[in-house]
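Please read the structure below before turning to the comments.
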Amino acid sequence: MRRVITIFILIIISFLLQSVLFSFDNIRGFAPDLLMILTMSFAVMRGRREGLITGFICGFLYDIFFGTLIGPYSFLFMIIGYLNGAFHKDFLMEDIMMPVIIIAVDEAFFNIVQYILFFLLRNRTSIAFYFIHIILPQVFATVLATIIIYRFLVWINKYLKKRVEESENN
């Protein structure tokens, strides 16, 4: 129960930071995607199930506050969380390179799907402009934030694991 409450609080804090401090509608595209970092981190640290659930909640917040429909972001975040959970078995928690590579791929995938759904289908075909001015800066900002935030999330995960083990032993 403590894990669920902690993850929910982390999701709310990440959402508030992303929507208020890092402004989702940043024209330059230099805002890190904290909800994507959270989804990736818990999927890689805890597995597919937790990645799927965390992804759904993060995507649902995107849908409610930033989307025009309920569902597209939830589904996209769920897919990303589930697929990232596959790396759970081959993963050393202290290793930072694997999460950095995963988040770069996730963020690029997320932005390409956004481009296809929201621009390409409306006959805005300037993919080079979108890639250079939106996708690359977004990936770069999210990778930099991952390097900083990921270690904190690992520490939280280890603390929660230790608390669960202590409560099971008592």
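- Without hydrogens or angle criteria, Asn84 side chain to Val44 main chain gives no donor-acceptor distance under 3.5 Å.
- With rounding to the nearest 0.5 Å, the separation of CD1 in Ile127 from OH in Tyr130 is 8.0 Å.
- The shortest distance between side-chain heavy atoms of Arg46 and Thr54 does not fall below 4.5 Å.
- A distance-only check finds a donor-acceptor pair linking the side chain of Gln138 to the backbone of Ala31 [under 3.5 Å].
- The closest donor-acceptor contact from the side chain of Asn111 to the backbone of Glu107 lies under 3.5 Å.
- Val105 and Tyr115 fall into different hydrophobic clusters, where Ile, Leu, Val, Met, Phe, Trp and Tyr side chains are chained together by heavy-atom contacts under 4.5 Å.
- We find the CZ-CZ distance between Phe87 and Arg48 to be 9.5 Å, quoted to the nearest 0.5 Å.
- Note: the hydrophobic cluster containing Ile5 also contains Ile7 (ILVMFWY, side chain heavy atoms under 4.5 Å, direct or indirect links).
- Residue Phe118 qualifies as enclosed at atom CZ: its count of foreign heavy atoms under 6.0 Å is above 12.
- Cluster membership check: Ile149 does not share its hydrophobic cluster with Ile101, using side-chain heavy-atom separations under 4.5 Å among Ile, Leu, Val, Met, Phe, Trp and Tyr.
- Under the 4.5 Å side-chain contact rule for hydrophobic residues, Phe129 and Leu136 do not share a cluster.
- Between Phe110 and Phe77, the ring planes lie perpendicular to each other; the angle is over 60°, past the 30° to 60° tilted range.
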Does the pair Glu50 and Arg3 meet the rule for a side chain to side chain contact (heavy atoms under 4.5 Å, CB included), with working shown? CA-CA 11 Å; Glu50 194 143 340; Arg3 172 173 291 288; 3.7 Å; yes
So Arg2 and Val164, side chain to side chain contact (heavy atoms under 4.5 Å, CB included) or not? Walk me through it. CA-CA 9 Å; Arg2 184 175 294 165; Val164 167; over 6 Å; no
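- To the nearest 0.5 Å, atom CZ of residue Phe56 and atom CG of residue Leu61 are 9.5 Å apart.
- For Phe66 and Tyr73, the ring centers sit 6.0 Å or farther from each other.
- Counting heavy atoms from C-beta outward, Met78 and Tyr82 have side chains that stay 4.5 Å or more apart.
- Using a 4.5 Å cut-off on side-chain heavy atoms (C-beta onward), Ile80 and Met40 make no contact.
- Asp33 and Thr142 share no side-chain donor-acceptor pair at under 3.5 Å.
- Taken from OG in Ser74 to OH in Tyr62, the straight-line distance is 11.5 Å, to the nearest 0.5 Å.
- Minimum heavy-atom separation, Ala43 to Gly81: CB-O, 3.2 Å.
- Summarising the geometry, atom CD1 belonging to Ile13 is positioned 6.5 Å from atom CD1 belonging to Ile9; distances are rounded to the nearest 0.5 Å.
- Nearest heavy atom pair, residue Ser41 against residue Leu153, reads OG-CD1, 3.4 Å.
- Hydrophobic clustering (side-chain heavy atoms under 4.5 Å, transitive across Ile, Leu, Val, Met, Phe, Trp, Tyr) keeps Val4 apart from Phe15.
- Between Cys58 and Thr39, the shortest heavy-atom contact is SG-OG1, 3.6 Å.
- Side-chain contact between Phe109 and Val113 is present, with at least one heavy-atom pair separated by less than 4.5 Å.
- Distance check: Leu17 CG to Ile12 CD1 gives 11.5 Å after rounding to the nearest 0.5 Å.
- In this structure a side-chain-to-backbone donor-acceptor pair under 3.5 Å is missing from Ser14 to Ile11.
- Tyr150 has its side chain out of reach of Ile37: every pair of non-hydrogen atoms, C-beta onward, lies at least 4.5 Å apart.
- The shortest side-chain heavy-atom distance between Met36 and Ile103 falls under the 4.5 Å cut-off.
- Between Phe42 and Leu10, the closest side-chain pair of non-hydrogen atoms falls below 4.5 Å.
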From CA spacing to verdict: side chain to side chain contact (heavy atoms under 4.5 Å, CB included), Phe60, Ile70: CA-CA 7 Å; Phe60 191 68; Ile70 302 290; 3.7 Å; yes
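- Within the 4.5 Å cutoff, the side chain of Ile79 has heavy atoms near those of the Phe75 side chain.
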